[in-house]
Undergrad: 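One structure is given below, represented as structure tokens, and several questions about it will come after.
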Amino acid sequence: MSIVNTIKSHVTAALSALYNHPYTEKDFQINQTKPEFEGDYTIVMFSLVKSLKTSPEVIGDALGGYLVQHHPDLFSDFNIIKGFLNLSIPDTFWSNLLQENYSNAAYGHKEKNGKKVMVEYSSPNTNKPLHLGHLRNNFLGWSVAEIYKASGYDVIKSCIVNDRGIHICKSMIAWQKYANGATPQSTGIKGDHLVGDYYVRFENDLKAESQILINKINLADLTDFSGPALEKLDKLLIALTKLDEIKDEEKIAKLHDEIKELARNNTKVIAEAKQMLLDWEEGKPEVIDLWKKMNGWVYEGFDITYKRIGSDFDKIYYESNTYLLGKSIVQQGLDKNVFFKKEDGSIWIDLTADGLDEKLVQRKDGTSVYITQDIGLALQKYEEFKIDSSIYVIGNEQNYHMKVLQLICKKLGMPNADNILHLSYGMVELTTGKMKSREGTVVDADDLVDEMIATSQRLTEELGKVKDFTEAELRDLYETIGLGAMKFYLLRVDPKKTMVFNPEESIDFHGFTGPFVQYTHARIKSILRKEPIISQNPIDATDLLKLEKDVVVLLEQYPDAIEQACSEHNPSVIAMYVFNLAKTFNSFYVEHSIANAESDEKKQLRLQLAVMTANVLKSGMELMGIKVPERM
RNA sequence: GACUUGGUAGCUCAGCUGGAUAGAGCAUCAGCCUUCUAAGCUGAGGGUCAUUGGUUCGAAUCCAAUCCAGGUCACCA
């Protein structure tokens, strides 16, 4: 149990002994004592003052006295300032903690709890290469999975590959038209990038063709439109003329967007793509062959990227296999009266009672929609792995969709539906605006990785500390540092929040960064190579210096940090913890020598301190998928 | 319009289950390498915690309203 929790339970026990009052741990607060006051942990007594109607001095005196008397091993002294009771923890407590845990590589990790959780992350589309936003997703998913493992869970990392649909057809059509049979081999372009290039090519064609349509619409030429599209266009145009008089610019812009969308959907190229999707669904051999060929290129490209960034999966689902999954569930839902059928044959669920809308689950033509597949897959995951909970790492733009999914699963009475959790993360935006694949304003994942590794190489060469490394060792080190900087950068902020990336400035290698933590680790290792710990005997209790104690106090908090990161699904807790520990150790390091300590006992104690710090830094960084080098 | 998330230093972010003088990093400025790796350390300047009102011993934190920004509200995925 952590010291904070130990203190809490002692305080509750003391309060009920002293005042015969059923207090719980929620009736008072406990904080770390501010550095300007004497003591280590502080009980905030204002709430007690109120309920006991006694002055803080009297309560503090009684409580502090009781604690020191009954637990002298844990509390050495106390003082009261205003409503704050500051408790001092004896140095023996801290040196014992160090003694017992310094060489424990699994420190902070929990015993297996027998529960199984699936983390689904990454989930790429096979029509374009990965970008910075995908990297955030990948690092988050991977890290959360590791944090769950450290918390005692069995974890299955999964990925659903979005390998079918109209967006894939777009790349295929452009390739057919323009590529002249170009392949990754013939062009030397990485497969995912090659396919992505043709996706962009298609989008450009689409843009050009729809612009022509819009120009004609503006000249009141509607000859390209017919049927329902024409009707809708007419309506929009009439609405527009009315609005022009009112001058509501927001609504006018919205109408223009709708017209634009209508024009896009009325282009020949979109018609081709739609036809290709139908052909795909019918299994037309030449379409299937092309689809397999191009997807194969993308997978080859993704494999390279995943390998570089250290993403891996225990189970990969392909949407081409799962997109029909939810069908049988639709019938079950109808039988259970969870779903209902409209006159046109389409099937819906009514979520208005839950504050949401009616949601379509099957089209009138009997084909399933996105959410249907998701329900099917959710059920399959459970049946296949008997998981206790399921975590989806998906961007916050899908908050509504995921809410609906959770609700439907619950209403269908799916097992563990309450344990479906959407780990919703914010977009990565650029200082120059948003990233949009269609417009080519994306930071490409491969480019960024290359850049990070190149920067780490440059900096390492400038410093010239590892000139004796072999070529292979150097390459390894550059990757370790470059990727460390990048992963740390993306994981150090709260996942929920939108974050801003400045493509003009490269990611830093100083301060609150991965390399800073890696460097602290390498420096400790350097000492330990020269000063192996010899003595296995317990160290005589010595007085701890302030800087020594600062480090141990932080080390004690590592298990709490993991616990918090797990319950909040938030690796940034670990990033901040590990940075704090490194920083605190560095302050100690410059002030006090380990090799030339004042006494043998001091030297042993500081060596233990160094060993344990290195262990925890390594362990914490591993939870984020970041390696720590022995030298750098 | 409805729902939802956010607004803290020049920039990027912590702190938000109410507690002592609001913290980091970057950037700026001033120092520290004959002693364990200077990707480091020490210090300085820099804040109307979006605004207004409320709750109370105490509010960046809770509540309400307003302003600003993002997201969602498809028989797309």
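We use all heavy atoms of the structure for the numbers below, so side chains are in, but hydrogens, waters and symmetry mates are not. Throughout, protein chains are lettered first and strands after them, A, B, ... in sequence-line order, and every chain is numbered starting at 1.
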Undergrad: Provide, to the nearest angstrom, the distance between the CD1 atom belonging to A:Ile507 and the C1' atom belonging to B:rC11.
TA: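 Checked: the CD1 to C1' distance equals 15 Å.
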
Undergrad: Examine the base of B:rC75 for any acceptor or donor lying under 3.5 Å from a partner atom in the side chain of A:Asp365, and report the outcome as yes or no.
TA: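 Not at all, since no donor on one side and acceptor on the other fall under 3.5 Å apart.
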
Undergrad: Looking only at the side chain of A:Tyr519 (C-beta and beyond, no hydrogens), which of the listed nucleotides B:rU37, B:rC75, B:rU21 gets closest?
TA: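 Closest nucleotide among those given: B:rU37.
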
Undergrad: Quick one: which of B:rC41, B:rC13, B:rA77 gets closest to the side chain of A:Met499?
TA: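 Ranking B:rC41, B:rC13, B:rA77 by closest atom to the A:Met499 side chain puts B:rC13 first.
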
Undergrad: Output yes when A:Lys235 and A:Glu231 qualify as a salt bridge under the 4.0 Å nitrogen-oxygen rule, no when they do not.
TA: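 Between A:Glu231 and A:Lys235 there is no salt bridge, as every charged N stays at least 4.0 Å from the carboxylate O atoms.
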
Undergrad: Between B:rC41, B:rC26, B:rC75, which nucleotide gets closest to the side-chain atoms of A:Val590?
TA: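 The closest nucleotide is B:rC41.
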
Undergrad: Just checking, A:Arg164 and A:Tyr323: is the charged tip under 6.0 Å from the six-membered ring centre and within 45° of the axis?
TA: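 Cation-pi check for A:Arg164 and A:Tyr323: passes.
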
Undergrad: When you measure from the side chain of A:Phe37, which nucleotide among B:rA20, B:rC75, B:rC36 comes out closest?
TA: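 Within the option list, the nearest is B:rA20.
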
Undergrad: Going by modelled atom types, is there a donor-acceptor pair between the base of B:rA14 and the side chain of A:Ser572 at under 3.5 Å?
TA: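 Answer no: no donor N or O sits under 3.5 Å from an acceptor.
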
Undergrad: B:rU35 P sits how many Å from A:Glu591 CD, rounded?
TA: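 Taking CD of A:Glu591 and P of B:rU35, I get 16 Å after rounding.
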
Undergrad: Give A:Thr513 one of three labels, base, sugar-phosphate or nothing, depending on what nucleic acid heavy atoms sit under 4.0 Å from its own.
TA: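 Nothing, no heavy atom under 4.0 Å.
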
Undergrad: On a whole-Å scale, what distance lies between the C1' atoms belonging to B:rG45 and B:rA30?
TA: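 B:rG45 and B:rA30 have their C1' atoms separated by 11 Å.
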
Undergrad: Looking at the rings of A:Phe516 and A:Phe488, which for Trp means the six-membered one, are their centres under 6.0 Å apart?
TA: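 Not close enough - the centres of the two rings lie 6.0 Å or further apart.
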
Undergrad: Just compare B:rG19, B:rC75, B:rC36 and give me whichever is closest to any side-chain atom of A:Ala595.
TA: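 Side chain of A:Ala595 sits closest to B:rC36.
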
Undergrad: Does NZ or CZ of A:Arg523 come closer than 6.0 Å to the centre of the six-membered ring of A:Tyr589, within 45° of the ring's axis?
TA: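 Yes.
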
Undergrad: Using the C1' atom as the reference point in each nucleotide, state the distance between B:rA50 and B:rG31 in Å, no decimals.
TA: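 My reading of the C1' atoms in B:rA50 and B:rG31 gives 38 Å.
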
Undergrad: Looking at every non-hydrogen atom in both residues, tell me the closest pair between A:Leu617 and A:His521 and how far apart they are.
TA: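 Residues A:Leu617 and A:His521, closest heavy atoms: CD1-N, 4.1 Å.
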
Undergrad: Can you tell me the distance, in whole Å, between the CD atom of A:Glu203 and the C1' atom of B:rA77?
TA: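 So the two atoms are 14 Å apart, to the nearest Å.
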
Undergrad: Classify A:Thr42 by what it touches in the nucleic acid, base, sugar-phosphate, or nothing, heavy-atom distance under 4.0 Å.
TA: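 Here A:Thr42 touches the bases of the nucleic acid.
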
Undergrad: Between B:rG25 and B:rA65, how far is it from one C1' atom to the other, in whole Å?
TA: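 So the two C1' atoms sit 36 Å from each other.
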
Undergrad: Under 4.0 angstrom, heavy atoms only, what part of the nucleic acid is A:Leu528 near: base, sugar-phosphate, or nothing?
TA: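 No contact.
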
Undergrad: Cation over ring, A:Arg136 on A:Tyr425, under 6.0 Å and within 45°?
TA: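 No, A:Arg136 and A:Tyr425 do not form such a contact.
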
Undergrad: So, OP1 or OP2 of B:rC76: does either fall under 4.0 Å of a side-chain N or O from A:Arg363?
TA: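 Looking at the OP1 and OP2 atoms of B:rC76, one of them is under 4.0 Å from a side-chain N or O of A:Arg363.
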
Undergrad: More than 12 foreign heavy atoms under 6.0 Å from CG of A:Asp600: is that the case here?
TA: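 No.
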
Undergrad: Please determine, for the side chain of A:Arg631, which listed nucleotide (B:rG70, B:rA77, B:rU37) has the closest atom?
TA: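 Looking only at side-chain atoms, A:Arg631 lies closest to B:rU37.
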
Undergrad: With sugar-phosphate meaning primed atoms plus P, OP1 and OP2, does A:His592 contact a base, only sugar-phosphate, or nothing at under 4.0 Å between heavy atoms?
TA: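 Base, at least one base heavy atom under 4.0 Å.
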
Undergrad: To the nearest Å, how far apart are A:Gln564 CD and B:rA14 C1'?
TA: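 Distance check: A:Gln564 CD to B:rA14 C1' gives 12 Å.
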
Undergrad: Are any of A:Ser587's side-chain N or O atoms less than 4.0 Å away from OP1 or OP2 of B:rU42?
TA: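 For A:Ser587, the contact criterion (side-chain N or O under 4.0 Å from OP1 or OP2 of B:rU42) is met.
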
Undergrad: Applying the 5.5 Å / 30° rule, does A:Phe46 stack onto the base of B:rG19?
TA: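 Per 5.5 Å and 30° rule: yes, stacked.
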
Undergrad: Closer to the 5' end of RNA chain B via nearest nucleotide, is it A:Thr460 or A:Ile166?
TA: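 Counting from the 5' end, the first nearest nucleotide belongs to A:Thr460.
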
Undergrad: Decide yes or no, distance alone: a donor-acceptor N/O pair under 3.5 angstrom between the base of B:rA20 and the side-chain of A:Asn86.
TA: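 Per atom types, the contact qualifies.
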
Undergrad: Out of B:rA14, B:rG40, B:rC75, which nucleotide sits closest to the side chain of A:Met576?
TA: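 So the side chain of A:Met576 is nearest to B:rA14.
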
Undergrad: Tell me whether the OP1 or OP2 atom of B:rU37 has a side-chain N or O from A:Lys530 closer than 4.0 Å.
TA: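 Checking A:Lys530 against B:rU37: at least one side-chain N or O falls below 4.0 Å of OP1 or OP2.
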
Undergrad: Answer yes or no: is there an ion pair linking A:Arg606 with A:Glu598, defined by an N-O contact shorter than 4.0 Å?
TA: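 Between A:Glu598 and A:Arg606 there is a salt bridge, with a charged N closer than 4.0 Å to a carboxylate O.
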
Undergrad: With P as the reference atom in both, quote the distance from B:rG47 to B:rA9 in angstrom, rounded to an integer.
TA: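 B:rG47 and B:rA9 have their P atoms separated by 10 Å.
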
Undergrad: Looking only at side-chain atoms of A:Lys50, point me to the closest of B:rC57, B:rA77, B:rC36.
TA: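 Ranking B:rC57, B:rA77, B:rC36 by closest atom to the A:Lys50 side chain puts B:rC57 first.
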
Undergrad: With sugar-phosphate meaning primed atoms plus P, OP1 and OP2, does A:Phe512 contact a base, only sugar-phosphate, or nothing at under 4.0 Å between heavy atoms?
TA: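 It contacts sugar-phosphate atoms only.
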
Undergrad: Once you apply a heavy-atom cut-off of 4.0 Å, does A:Lys583 come out as touching a base, just sugar-phosphate, or nothing?
TA: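 Sugar-phosphate, no base atom in range.
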
Undergrad: State, with a plain yes or no, whether a side-chain heavy atom of A:Leu132 is found less than 4.5 Å away from one of A:Met435.
TA: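 SC-SC contact between A:Leu132 and A:Met435 confirmed.
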
Undergrad: Have a look at A:Val500 and say if it touches a base, only the backbone sugar-phosphate, or nothing, with a 4.0 Å heavy-atom cut-off.
TA: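 Answer is sugar-phosphate: A:Val500 comes under 4.0 Å of backbone atoms only.
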
Undergrad: Does A:Phe84 have its ring centroid less than 6.0 Å away from the ring centroid of A:Phe37?
TA: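 When the ring centroids of A:Phe84 and A:Phe37 are compared, they turn out to be at least 6.0 Å apart.
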
Undergrad: On the nucleotide B:rA20, are OP1 or OP2 found under 4.0 Å from the side-chain N or O atoms that A:Lys82 carries?
TA: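 No, no such contact exists.
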
Undergrad: Tell me what A:Asp494 touches on the nucleic acid: a base, only sugar-phosphate, or nothing, going by heavy atoms under 4.0 Å.
TA: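 Sugar-phosphate contact only.
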
Undergrad: In terms of side-chain geometry, is the basic nitrogen of A:Asp365 or A:Arg363 positioned less than 4.0 Å from the acidic oxygen of its partner?
TA: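 A:Arg363 and A:Asp365: not salt-bridged.
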
Undergrad: With rounding to whole Å, what would you report as the distance between B:rC68 and B:rA20 at their P atoms?
TA: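 Looking at atom P only, B:rC68 and B:rA20 are 34 Å apart.
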
Undergrad: How about CD on A:Glu38, more than 12 heavy atoms from neighbouring residues, nucleotides or ligands closer than 6.0 Å, or not?
TA: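 For A:Glu38, atom CD is not crowded (no more than 12 foreign heavy atoms under 6.0 Å).
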
Undergrad: List, with names and distances, any nitrogen or oxygen atoms from the protein found under 3.5 Å away from nitrogen or oxygen atoms belonging to nucleotides 72-74 of chain B.
TA:
from	atom 1	to	atom 2	distance (Å)
B:rC73	O2'	A:Asp357	OD2	3.4

Undergrad: Determine which bases of RNA chain B form Watson-Crick or G-U wobble pairs with both distances under 3.5 Å, and write the result as a 5' to 3' dot-bracket string with | for other-strand partners.
TA: ((((((((.[[[[.)...(...]]]].(((((.......))))).....[[[[[..)....]]]]])))))))....

Undergrad: Identify whether any heavy atom of A:Gln29 sits under 4.0 Å from a base atom; if not, whether one sits that close to sugar-phosphate; answer base, sugar-phosphate or nothing.
TA: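 It contacts base atoms.
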
Undergrad: Among B:rA20, B:rU37, B:rG19, which nucleotide sits nearest the side chain of A:Ile527?
TA: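 Nucleotide nearest to A:Ile527's side chain: B:rU37.
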
Undergrad: Under 4.0 Å between a side-chain N or O of A:Tyr589 and OP1 or OP2 of B:rA38?
TA: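 Indeed, a polar side-chain atom of A:Tyr589 lies that close.
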
Undergrad: A:Arg606 side chain N/O closer than 4.0 Å to the phosphate oxygens (OP1, OP2) of B:rC36?
TA: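 It does not, given that no N or O in the side chain of A:Arg606 lies less than 4.0 Å from OP1 or OP2 of B:rC36.
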
Undergrad: Grab the two heavy atoms, one from A:Asp508 and one from A:Thr513, that are nearest each other, plus how far apart they are.
TA: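 Closest approach of A:Asp508 to A:Thr513, heavy atoms only: O-CG2, 3.5 Å.
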
Undergrad: Rounded to the Å, how far apart are A:His521 NE2 and B:rU37 P?
TA: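 From A:His521 NE2 to B:rU37 P: 14 Å.
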
Undergrad: Report the nucleotide, chosen from B:rC13, B:rG40, B:rG25, that has the shortest atom-to-atom distance to any side-chain atom of A:Arg523.
TA: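 Of B:rC13, B:rG40, B:rG25, B:rG40 is nearest to the side chain of A:Arg523.
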
Undergrad: Specify the separation, in whole Å, of atom CG of A:Leu277 and atom C1' of B:rC75.
TA: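 That distance rounds to 14 Å.
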
Undergrad: Does A:Lys359 make a cation-pi contact with A:Trp348, if we ask for NZ or CZ under 6.0 Å from the ring centre and within 45° of the axis?
TA: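 Checked: cation-pi criterion not met.
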
Undergrad: Grab the CD1-C1' distance between A:Ile270 and B:rC76 for me, whole Å please.
TA: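 Going from A:Ile270 (CD1) to B:rC76 (C1'), I get 11 Å.
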
Undergrad: With sugar-phosphate meaning primed atoms plus P, OP1 and OP2, does A:Phe84 contact a base, only sugar-phosphate, or nothing at under 4.0 Å between heavy atoms?
TA: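 Base contact.
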
Undergrad: Using only side-chain N and O atoms of A:Lys342, determine if any of them is under 4.0 Å from OP1 or OP2 of B:rC75.
TA: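 For B:rC75, OP1/OP2 do not have a side-chain N/O of A:Lys342 under 4.0 Å.
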
Undergrad: With a cut-off of less than 4.0 Å, is there a side-chain N or O of A:Asn162 near OP1 or OP2 of B:rA77?
TA: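 False: A:Asn162 side-chain N/O out of range (4.0 Å or more) of B:rA77 OP1/OP2.
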
